[in-house]
Amino acid sequence: MSHFQITGGVPLRGEVRCSGSKNAALPIMAASILASEPVRLEGTPRLADVRTQTRLLKHLGVNVSQVEEGMIFETVDPAPIRAPQRLVRRMRAGFCVLGPLLARRGKAVVPLPGGCNIGHRPVDLHLKGLAALGADLRLQHGYVVATARRLTGTTIDLSGPNGPTVTGTANVLSAAVLARGVTIIRNAAVEPEIVDLERFLAALGARIEGVGTSTLRIEGVEQLGGATHRLIPDRIEAATLLIAAAVTGGSATVAGVVPAHLDAVLEKLRQAGAAIEVGVECISISAGRRLRAVDVAARPYPGFPTDLQAQWTALAAVADGASRVEDRVFPGRFMHVAELNRLGAKITCGNGAAMVGGVRRLSGARVAAHDLRAGAALLLAGLAAEGRTTVDRIHHIDRGYQRLDDKLQQLGARIERVENQPWNSTIPKPVAASFSEASRLASGHASRMASSR
Ligand code: UD1
């Protein structure tokens, strides 16, 4: 029921620190099931998906405690192997418990996942990989039932029609670390979040060669220990904040980042005319004048991330000139376009791309977030728009950003979170003068009369 109210047109200025990575935290939390000793994760972001993953792990017999720097996970035996549908349906990364449960406990019952509304999201590659390791897999009443006395190493290719799979790599890798013998994963995802998982597993005692590359050689071990691991910073959050500064013609510094993770994005921002300065752990952006339109195609890492495609489309909507924003990872991920057009953008889409004609100014309106990154794009557009923008369905944004509104406020944005109000309570109600006037209003007669004037 909560929504954001934004008064646009204020150039953002100042410095803000980014949180730990959501997409690193979720599969690493799932992989803590593999550890025989406690795991301490530092830098876990405080956001809804992490809370959902925590509830899922508790349900699966993992003791989870919050500490100042992050979280501690400790698996207890004997432990349940059935993941509840209500949690996995809410968040796709819940499916990442499949590989660890199967490898550690010999059986897993995990529902087919839900998650963001960004188009067709199969899990065939996850299942193909686990089957190749010797798992018996059946689909029963919407659940994947996987069993294996002990998994056995083999060679697996994880490339799909749109590139490698990120959480599929997490699932298969997390299973292979306890398999008998050697597993070779070809076309593994190389996203920084997967590399973080590889480092975490290595810290637990897994034997992985080729960390950070698309070919992994894993020598299975009997048992893994515990570890303390600090998560990488959230590159998507960092870039969202940089684009927020750019779209308002402001200048800002985002601290606590790994700049190399954002090479493709920084290159596009430079091409668009923003001044970028890169420090050891920070990035500064300055966009004093209107940015130029630049074509972008989202691809697997190290390409431009699909998780920033919507935010870039918001930037392109107010850039000088026309551009094409393509998504080769999720070609149907353009739910934000209709909402951006409500704010006055000129965007058409088809064939996995948006054709954006930049306008000088957007104008504030009431819009709704349909998925996580689409929601972020609407906030950015609202910051650039003239007047007031209301963004509804912000639970999508809270799933994946740790208080994005607070961070934007730190940069001077005029954004307010309005809690627990019915969706229509901010729409002024017509004041009826009499009973007959009231029934005329209720029947829609008055609005027909008004529009015919
Ligand atoms: C992860 C990220 C998500 C990001 C996406 C792409 C997490 C928790 N989520 O999602 O934020 O947008 O990577 O960077 O880390 N595919 C198949 N078969 C499969 C699996 C995927 O064909 O079994 C296809 C998908 O439809 C898509 C492409 O592969 O076209 C990439 O999807 P994938 O990398 O699996 O995305 P997720 O891991 O779900």
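Note that ligands are numbered from 1 as they come in the structure, with each ligand's atoms numbered from 1 the same way.
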(message) With a 4.5 Å cut-off on side-chain heavy atoms, are Arg92 and Val123 touching?
(response) yes

(request) Before giving the answer on salt bridge (Lys or Arg N to Asp or Glu O under 4.0 Å), spell out for Arg207 and Glu209 the whole-Å C-alpha distance, their side-chain angles and the decisive distance to 0.1 Å. (result) CA-CA 7 Å; Arg207 297 203 186 123; Glu209 283 175 26; over 6 Å; no

(request) Please confirm whether Gln53 comes under 4.0 Å of ligand 1, counting heavy atoms of the residue only. (result) no

(request) Would you mind running through ligand 1 and noting each atom that sits below 4.0 Å from a heavy atom of Arg121? (result) 10 (O), 37 (P), 39 (O)

(request) Have a look at Thr169, Leu125, Val166 and point out the one with the heavy atom closest to atom 23 (O) of ligand 1. (result) Leu125

(request) Could you list which atoms of ligand 1 come closer than 4.0 Å to a heavy atom of Pro122? (result) 17 (C), 18 (N), 19 (C), 20 (C), 21 (C), 22 (O), 23 (O), 26 (O)

(message) Check contact between Pro164 and ligand 1, using heavy atoms of the residue and a distance below 4.0 angstrom.
(response) yes

(request) Mind checking the NZ-CG spacing from Lys58 to Leu56? Nearest 0.5 Å is all I need. (result) 12.0 Å

(message) On a heavy-atom basis, I'd like to know which of Leu308, Val329, Thr165, Thr306 is closest to atom 28 (C) of ligand 1.
(response) Val329

(message) For Tyr301, which part has a heavy atom under 4.0 Å from ligand 1: side chain, backbone, both, or neither?
(response) neither

(request) Hey, could you give me the CD1/CG distance between Ile394 and Leu378, rounded to the nearest 0.5 Å? (result) 12.0 Å

(message) I need the atoms of ligand 1 closer than 4.0 Å to a non-hydrogen atom of Thr167, numbered in the order shown.
(response) 7 (C), 8 (C), 15 (O), 37 (P), 38 (O), 39 (O)

(message) If the cut-off is 4.0 Å to any non-hydrogen atom of Asp124, which atoms of ligand 1 fall inside it?
(response) 17 (C), 18 (N), 19 (C), 22 (O), 23 (O)

(message) Between Gln309 and His336, is there a side-chain heavy-atom distance shorter than 4.5 Å?
(response) yes

(message) Give the atom numbers and elements of ligand 1 that come within less than 4.0 Å of a heavy atom of Val123.
(response) 19 (C), 23 (O)

(request) Tell me which part of Arg92 gets within contact of ligand 1: side chain, backbone, both or neither, using heavy atoms under 4.0 Å. (result) side chain

(message) Just checking Glu277: does its CD atom have more than 12 heavy atoms from other residues, nucleotides or ligands closer to it than 6.0 angstrom?
(response) no

(request) Could you tell me whether the side chain of Lys107 reaches within less than 4.5 Å of the side chain of Leu102, counting heavy atoms only? (result) no

(message) Please check whether Asn23 reaches ligand 1 - meaning an N/O of the residue sits under 3.5 Å from an N/O of the ligand, judged on distance alone.
(response) yes

(request) Determine the sole option in His396, Lys407, Lys22, Arg373 for which the side-chain hydrogen bond (donor to acceptor under 3.5 Å, both in side chains) test with Tyr401 is passed. (result) Arg373

(message) Once rounded to the nearest 0.5 Å, what's the spacing between atom CG of Asp295 and atom CH2 of Trp312?
(response) 10.5 Å

(request) Can you sort out which atoms of ligand 1 are near Arg333, meaning under 4.0 Å from one of its heavy atoms? (result) 12 (O)

(message) Judged on heavy-atom distance to atom 4 (C) of ligand 1, which of Asp307, Asn162, Asp327 sits nearest?
(response) Asp307

(message) Which of the numbered atoms in ligand 1 are under 4.0 angstrom from any heavy atom belonging to His126?
(response) 23 (O)

(request) Decide whether a cation-pi geometry holds between Arg82 and Tyr143; the criteria are a distance under 6.0 Å from NZ or CZ to the six-membered ring centre and an angle within 45° of the ring axis. (result) yes

